[in-house]
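Below you'll find the structure, written out as structure tokens, and then a few comments.
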Amino acid sequence: MKVKLTVHTQSHDYPIIITSQCDMAVEIAPYIKGKQVMIVTNTTVEKLYLEQLAASLAANFEVHTVVLPDGEQFKTQQYIDCIYDALMDAHCGRDVTLVALGGGVVGDMTGFAAASFMRGVKFIQIPTTLLSQVDSSVGGKTGINHPKGKNMIGAFWQPQMVLADMHTLTTLPQRELSAGMAEVIKYALIMDTQFLTWLEENMTALMTLDKKALAEAVARCCQYKADIVARDERETGSRALLNFGHTFGHVIETHEGYGQWLHGEAVSAGMVQAAKLSQKMGWISEDDVKRISRVLQAAQLPIDPPAIDSQVALDLMQHDKKVMSGQVRLILLKSLGDAVVTADFDQALLEAVLNSP
Ligand code: NAD
Ligand code: GLY
């Protein structure tokens with residue numbers, strides 16, 4: 001199976017290729033314009049997929065590699081400098097193409113290095129986690145963490161292409177697969193109830209790594225994201241809808257300490273909280289909330305947040321990037337498949353949700 005989608009952006013249009021299994025080098029070679037390639041990966045993905053990609057590319061290109069340590073804690077300026085060092089040591093010029101081989105951390109970092117090295121060079125995304133295939137590799141948000149905040153330093157820099165090979169998901173730990181599935185379910189909840197029904201019917205196949213089902217889900221999510229990015233590349237409006245569940249989720253991640261809850265796990269419990277607030281606003285029904293919880297549980301995701309004092313949670317929410325003039329803005333569901341960004345919710349209802357077990 002091979003699907004090709006197109007992302008339309010202000011700088012250029014680019015393809016997302018979704019395959020069940022492929023020779024990665026063959027797929028990306030047409031999008032490499034110069035002679036030099038720098039593959040950026042991490043110590044985990046290196047062992048799984050680097051050798052074959054590098055060897056295969058070496059037939060036609062001058063191939064260099066840089067291997068970063070694995071983990072969100074290394075998504076920092078220090079390790080961006082490692083990428084610059086490798087580029088300088090290899091005498092890479094303006095026509096070098098960076099290739100991000102890994103999950104969202106590697107993708108965000110490689111994209112940011114590409115956006116800034118020599119004021120901008122080309123890069124390609126080969127996302128190897130479900131989360132990076134359906135979300136972070138598409139749409140050009142790149143960046144690193146600052147000691148005082150996650151993803152605080154970055155740039156919009158679109159890749160030349162995205163290659164999502166379902167075969168890479170066969171080596172992914174189950175917890176990471178579930179975390180990515182939270183983002184898949186998110187698209188259904190904010191955009192498309194028919195996709196929600198499809199997910200309910202196909203969750204067993206997805207969780208047992210049926211590549212046809214996975215490719216179908218990834219393709220649908222990438223198409224939703226491509227449509228949103230084409231409308232609002234710089235997140236002045238509707239792109240914020242992609243943050244459904246994320247404000248509640250960030251509270252969990254920050255409060256519990258990064259790495260305790262995976263991002264997707266926190267988003268899962270956060271989406272249930274956002275759904276409960278939407279219900280209290282009279283927009284969706286109790287049955288809708290139960291339906292959301294069921295599909296998340298089918299993906300082996302948590303639906304209840306840890307105990308967090310509501311005042312502490314409200315304070316943490318103030319650090320959300322969507323806060324405007326001190327006002328928290330949340331993504332809520334007007335109905336299943338239809339989300340809004342709003343600051344117009346009852347504070348007492350929000351506190352009731354934060355206080356509920
Ligand atoms: P990750 O990159 O840390 O990958 C998760 C783990 O899986 C890591 O240990 C990684 O080494 C391992 N891994 C990757 N591919 C593997 C494979 N095929 N087999 C076995 N193990 C594999 O995490 P993630 O969930 O992919 O991405 C999270 C990051 O993405 C965060 O930094 C987040 O801020 C960022 N993000 C960015 C955007 C965006 O629009 N740019 C959107 C969402 C998230
Ligand atoms: N992950 C949210 C976005 O790309 O806008």
Side-chain angles (χ1 to χ4, degrees), residues 7 9 24 40-50 53 67-76 79 100-112 115 125-146 149-159 162 164-184 186-187 190 209 214 221-222 224-226 228-229 231-247 249-250 253 258-259 261-267 321-322 331 341:
V7 187
T9 71
M24 291 176 182
V40 183
T41 189
N42 73 17
T43 47
T44 305
V45 181
E46 174 198 18
K47 294 182 193 81
L48 298 165
Y49 303 110
L50 178 63
L53 174 63
V67 180
L68 303 171
D70 182 0
E72 182 75 32
Q73 69 271 36
F74 304 111
K75 191 177 162 183
T76 60
Y79 289 94
L101 177 69
V105 170
V106 165
D108 280 11
M109 293 181 74
T110 308
F112 185 53
Q125 290 267 20
I126 307 183
T128 61
T129 63
L130 182 58
L131 182 138
S132 56
Q133 291 180 351
V134 299
D135 192 354
S136 62
S137 65
V138 177
K141 280 189 185 175
T142 72
I144 52 172
N145 300 328
H146 183 272
K150 198 167 180 272
N151 293 332
M152 278 296 160
I153 317 294
F156 283 96
W157 193 247
Q158 300 290 348
V162 180
D165 181 355
M166 296 309 104
H167 180 67
T168 62
L169 301 180
T170 58
T171 52
L172 200 60
Q174 183 270 315
R175 218 179 138 195
E176 296 288 353
L177 183 73
S178 292
M181 205 59 76
E183 301 286 358
V184 172
K186 173 194 77 180
Y187 286 104
I190 63 171
L209 298 173
L214 283 167
C221 294
C222 286
Y224 295 130
K225 183 145 187 189
I228 286 184
V229 168
R231 283 202 304 273
D232 181 24
E233 188 175 339
R234 297 280 168 142
E235 196 169 313
T236 53
S238 58
R239 187 163 178 170
L241 298 177
L242 294 171
N243 286 311
F244 177 59
H246 285 55
T247 306
H250 284 154
E253 281 182 283
Y258 288 112
W261 282 58
L262 295 181
H263 175 71
E265 293 169 339
V267 165
K321 284 206 214 75
K322 288 183 296 305
I331 319 303
V341 189

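Remember, it's a predicted structure, so these values are computed and weren't measured experimentally. Each ligand, and each atom within it, is numbered from 1 in the order the structure gives.
When the heavy-atom distances from atom 33 (C) of ligand 1 to R175, K150, K47, H263 are ranked, the shortest goes to K150. Of the listed residues (E176, Q133, H246, M109), the one carrying the non-hydrogen atom nearest atom 6 (C) of ligand 1 is E176.
Using a 3.5 Å distance cut-off with no hydrogens or angles, the side chains of Y49 and T41 do not pair a donor with an acceptor. Side-chain atoms of Q174 and S178 include a donor-acceptor pair closer than 3.5 Å.
When heavy-atom distances to ligand 1 are checked against a 4.0 Å cut-off, T128 comes that close through both its backbone and its side chain. When heavy-atom distances to ligand 1 are checked against a 4.0 Å cut-off, L172 comes that close through both its backbone and its side chain. Contact annotation for K141 and ligand 1: heavy atoms of both the backbone and the side chain come within less than 4.0 Å of the ligand. At a 4.0 Å heavy-atom cut-off, ligand 1 touches L131 through the side chain alone. Using a 4.0 Å cut-off between heavy atoms, E46 makes no contact with ligand 1 at all. Only the side chain of K75 comes within 4.0 Å of ligand 1, judged by heavy-atom distances. No part of L169 comes within 4.0 Å of ligand 1, judged by heavy-atom distances. In T142, neither the side chain nor the backbone holds a heavy atom less than 4.0 Å from any atom of ligand 1. With a 4.0 Å cut-off on non-hydrogen atoms, N42 touches ligand 1 through its side chain and not its backbone.
When all heavy atoms are compared, the tightest approach of D108 to T142 is O-CB, 3.6 Å.
When side chains are defined from C-beta on, Q133 does not count as touching L214, because their heavy atoms never get closer than 4.5 Å. Looking at heavy atoms from C-beta onward, V7 lies in side-chain contact with V229 at the 4.5 angstrom threshold. Between R239 and K225 there is a side-chain heavy-atom pair separated by less than 4.5 Å.
F74 and Y79 have perpendicular rings, their planes meeting at more than 60° on a 0 to 90° scale where under 30° would count as parallel.
Summarising the geometry, atom CD belonging to E235 is positioned 10.0 Å from atom CD1 belonging to I228; distances are rounded to the nearest 0.5 Å. Here E183 contributes atom CD and D135 contributes atom CG; the two are 5.0 Å apart, rounded to the nearest 0.5 Å. Taking CG of N243 as the reference point, atom NE2 of H250 lies at 7.0 Å (rounded to 0.5 Å). How far CG of L177 is from OG1 of T170: 10.5 Å, rounded to the nearest 0.5 Å. Atom CD in E72 sits 6.5 Å away from atom CG in N151 (nearest 0.5 Å). Once rounded to the nearest 0.5 Å, the distance linking OG1 of T110 with CG of L101 reads 9.0 Å.
With hydrogens left out, the protein atom closest to atom 19 (N) of ligand 1 is T171 OG1, 2.8 Å, a heavy atom. Looking from atom 43 (C) of ligand 1 to the surrounding protein, the closest heavy atom is D135 OD2, 3.6 Å. Among protein heavy atoms, the minimum distance from atom 1 (N) of ligand 2 is reached at D135 OD1, 2.9 Å. Atom 31 (C) of ligand 1 has its closest protein heavy atom at E72 OE1, 3.2 Å. Atom 11 (O) of ligand 1 has its closest protein heavy atom at D70 OD2, 2.8 Å. Here the heavy atom of the protein found nearest to atom 14 (C) of ligand 1 is T129 CG2, 3.3 Å. The single protein non-hydrogen atom nearest to atom 24 (P) of ligand 1 is G104 N, 3.5 Å, given as residue, atom name and distance. When only non-hydrogen protein atoms are considered, atom 1 (P) of ligand 1 lies nearest to V105 CG2, 3.9 Å. Here the heavy atom of the protein found nearest to atom 35 (C) of ligand 1 is D108 OD2, 3.4 Å.
Side chain of D232 to main chain of S238: a donor-acceptor pair is present (N/O by atom type, distance under 3.5 Å, no hydrogens or angles). Judged by distance alone, the side chain of K75 and the main-chain N or O of M109 form no donor-acceptor pair under 3.5 Å. Between the side chain of E176 and the backbone N or O of P173, no donor-acceptor pair lies under 3.5 Å.
Residue R239 has at least one nitrogen or oxygen atom sitting less than 3.5 Å from a nitrogen or oxygen atom of ligand 2, judged on distance alone. At least one N/O-N/O distance between N151 and ligand 1 falls below 3.5 Å.
Assignment of H167 to the shell around ligand 1 is not supported, since no heavy atom sits closer than 4.0 Å. Note on ligand 2: K225 sits in its first shell, one or more heavy atoms being nearer than 4.0 Å.
Taking a cut-off of under 4.0 Å to the non-hydrogen atoms of Y49, the atoms of ligand 1 that pass are 18 (N). The L48 neighbourhood of ligand 1 comprises atoms 19 (N), 20 (C), with distances under 4.0 Å to a heavy atom of that residue. Each of the atoms 40 (O) of ligand 1 lies under 4.0 Å from some heavy atom of K225. Using a 4.0 Å cut-off to heavy atoms of E235, the atoms of ligand 2 that qualify are 5 (O).
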